[in-house]
Amino acid sequence: MHKIITLDEFIIQAQRKNPYSTGELSSLLRDIGLAAKIISREVNKAGLVDIVGQAGQENASGEVVQKLDVLADNLMISCLQNSGECCGIASEENDHFVPINSTHSKNAKYVVLFDPLDGSSNIDVNVSIGTIFAIYRRTSTGPVQLKDFIQSGVNQVAAGYVVYGSSTMLVYSTGDGVHGFTLDPSIGEFCLSHENIRIPEKGKIYSVNQGNYPAFDEDIKAYVNYCMEQSHSLRYIGSMVSDVHRTLIKGGIFFYPATTKAPEGKLRLIYECNPMSFLIEQAGGKSSNGTERIMELKAEKLHQRTPIFLGNKEMVETVEAFIREHRTVEG
Ligand code: AHG
Ligand code: MN
Ligand code: MN
């Protein structure tokens with residue numbers, strides 16, 4: 001039997017390799033792993049009880065039913081509040097950031113930003129969904145401030161996602177490669193299954209909501225036509241975590257461009273695009289808004305959106321060329 005390396009063991013081994021590490025980030029990653037296991041349990045039973053129902057209804061045991069994204073949000077918040085290594089959180093589900101002022105957290109050095117449940121539209125049809133997180137060192141002193149949460153993506157200390165699919169996987173990076181762990185529910189452990197994931201150099205899959213084609217700019221329409229002429233396969237699941245996970249493993253390009261309906265794009269810079277860009281770059285890929293590196297974009301607001309094109313370098317650079325040529329012609 002192969003030696004099972006659990007997430008906890010892997011994190012501790014990585015910490016030992018880094019003489020300057022003090023264990024706080026390791027502890028925070030383990031806390032996020034715990035939240036992921038609990039959310040996975042709730043996602044997996046969602047079809048069985050009223051949990052999938054609308055928030056506010058009462059279930060058989062008289063509890064107020066929480067929608068999965070509300071439940072996931074509360075679980076992430078409570079795990080991080082108890083961590084002691086996180087002094088503030090910002091969630092896609094909450095308008096404002098939440099300081100964690102308890103005595104054992106207020107002096108912690110990290111803030112965590114997350115999308116507690118990504119791909120919510122897929123919940124009721126049992127299609128894979130996920131959780132996305134990003135970890136930054138706080139830059140302020142005293143009570144956390146907005147500037148701690150709207151740092152540019154290059155300042156990320158770690159980022160990752162959990163995909164609740166045919167199996168539950170946690171994929172993360174602390175800047176030393178991308179590593180994937182598959183949950184073994186029989187022992188309740190995330191076990192190392194994909195060490196040092198590298199995105200394939202070549203890709204033949206393009207992933208976009210082609211239903212938005214009429215609302216795309218001419219350069220994006222030209223690129224989609226190019227993908228079809230190249231007989232690339234179109235794969236679009238509709239949850240970013242699943243589409244990015246497939247792109248990481250099989251190669252290709254995932255993009256959510258600006259449309260006439262969403263001129264800034266739909267996906268959120270700090271909760272979705274920065275963490276996914278960190279992982280894609282760590283795996284040897286590229287991620288831009290069509291002209292600039294996503295992780296260098298300036299965040300002005302918590303819920304800021306951006307167009308995004310991510311995947312293997314060659315395909316991202318092709319669409320960037322379409323955009324560049326189009327802008328030159330347009331003048
Ligand atoms: P969320 O469920 O967190 O709001 O995210 C949904 C996002 C993302 O997961 C996915 O890539 C995108 O919405 C799909 O949008 P369309 O349905 O417009 O294609
Ligand atoms: Mn999302
Ligand atoms: Mn979400």
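Just so it is clear, the structure is predicted and the values come from calculations on it, not from any experiment. Each ligand, and each atom within it, is numbered from 1 in the order the structure gives.
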Q: Take E296 and S152, measure what side-chain hydrogen bond (donor to acceptor under 3.5 Å, both in side chains) needs, and give me the verdict at the end.
A: CA-CA 6 Å; E296 289 178 2; S152 72; over 6 Å; no
Q.
Test side-chain hydrogen bond (donor to acceptor under 3.5 Å, both in side chains) on S91 and D73; report intermediate values, then the result.
A. CA-CA 7 Å; S91 161; D73 192 41; 2.7 Å; yes
(Q) For Y136 and Y110: C-alpha separation, side-chain torsions, deciding distance, then whether ring-ring contact (aromatic ring centres under 6.0 Å, His included) applies. (A) CA-CA 6 Å; Y136 292 81; Y110 296 113; over 10 Å; no
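Close N/O approach between S239 and ligand 1 is not found [any backbone or side-chain N/O within under 3.5 Å].
Side-chain atoms of R305 come within 3.5 Å of backbone N or O of K266 as a donor-acceptor pair. Checked by atom type and distance alone, the side chain of S27 never pairs as donor or acceptor with a backbone atom of G23 at under 3.5 Å.
For atom 14 (C) of ligand 1, the closest heavy atom belonging to the protein is Y236 OH, 3.3 Å. For atom 3 (O) of ligand 1, the closest non-hydrogen atom on the protein side is D115 OD2, 3.0 Å. From the protein, the heavy atom lying nearest to atom 11 (O) of ligand 1 is M240 N, 3.3 Å. Among all non-hydrogen protein atoms, the one lying nearest atom 10 (C) of ligand 1 is G238 O, 3.4 Å. Nearest protein heavy-atom neighbour of atom 7 (C) of ligand 1: L267 CD2, 3.7 Å. What sits closest to atom 9 (O) of ligand 1 on the protein, heavy atoms only, is D118 OD1, 2.7 Å. For atom 18 (O) of ligand 1, the closest heavy atom belonging to the protein is Y256 OH, 2.7 Å.
Rounding to 10 degrees, one finds that the Mn ion (ligand 3) sits at the corner of an angle of 90° between E92 OE1 and D115 OD1.
The proximity of L117 to ligand 1, defined as any non-hydrogen pair under 4.0 Å, is limited to the backbone.
Within the listing of ligand 1, atoms 3 (O), 5 (O) sit less than 4.0 angstrom from a heavy atom of E272. In the vicinity of E92, heavy-atom distances shorter than 4.0 Å reach the ligand 1 atoms 3 (O). Close approach of ligand 1 to S120 is summarised as follows: ligand atoms under 4.0 Å from at least one heavy atom of the residue are 2 (O).
The N, O or S atom of D118 with the smallest distance to the Mn ion (ligand 2) is OD1. The minimum distance between the Mn ion (ligand 2) and any N, O or S atom of E272 involves atom OE2.
More than 12 heavy atoms of other residues, nucleotides or ligands lie within 6.0 Å of CD in Q13, so this atom counts as buried by the packing criterion.
With hydrogens and angles left out, the side-chain atoms of T174 and D176 include no donor and acceptor closer than 3.5 Å.
Taking both residues in full, the closest heavy atoms of I270 and A299 are given as CG2-CB, 4.0 Å, listed atom of the first, atom of the second, then distance.
Closest heavy-atom approach to atom 15 (O) of ligand 1 within the set R268, K266, M276: this belongs to K266.
A single hydrophobic cluster is not seen to contain both V171 and I5; linkage of ILVMFWY side chains at heavy-atom distances under 4.5 Å, directly or through other members, places them apart.
Each of L7, I32, V178 was evaluated against Y172; a single residue qualifies, L7, per the side-chain contact (heavy atoms from CB on, under 4.5 Å) test.
For P116, every N, O or S atom stays at 2.8 Å or more from the Mn ion (ligand 3).
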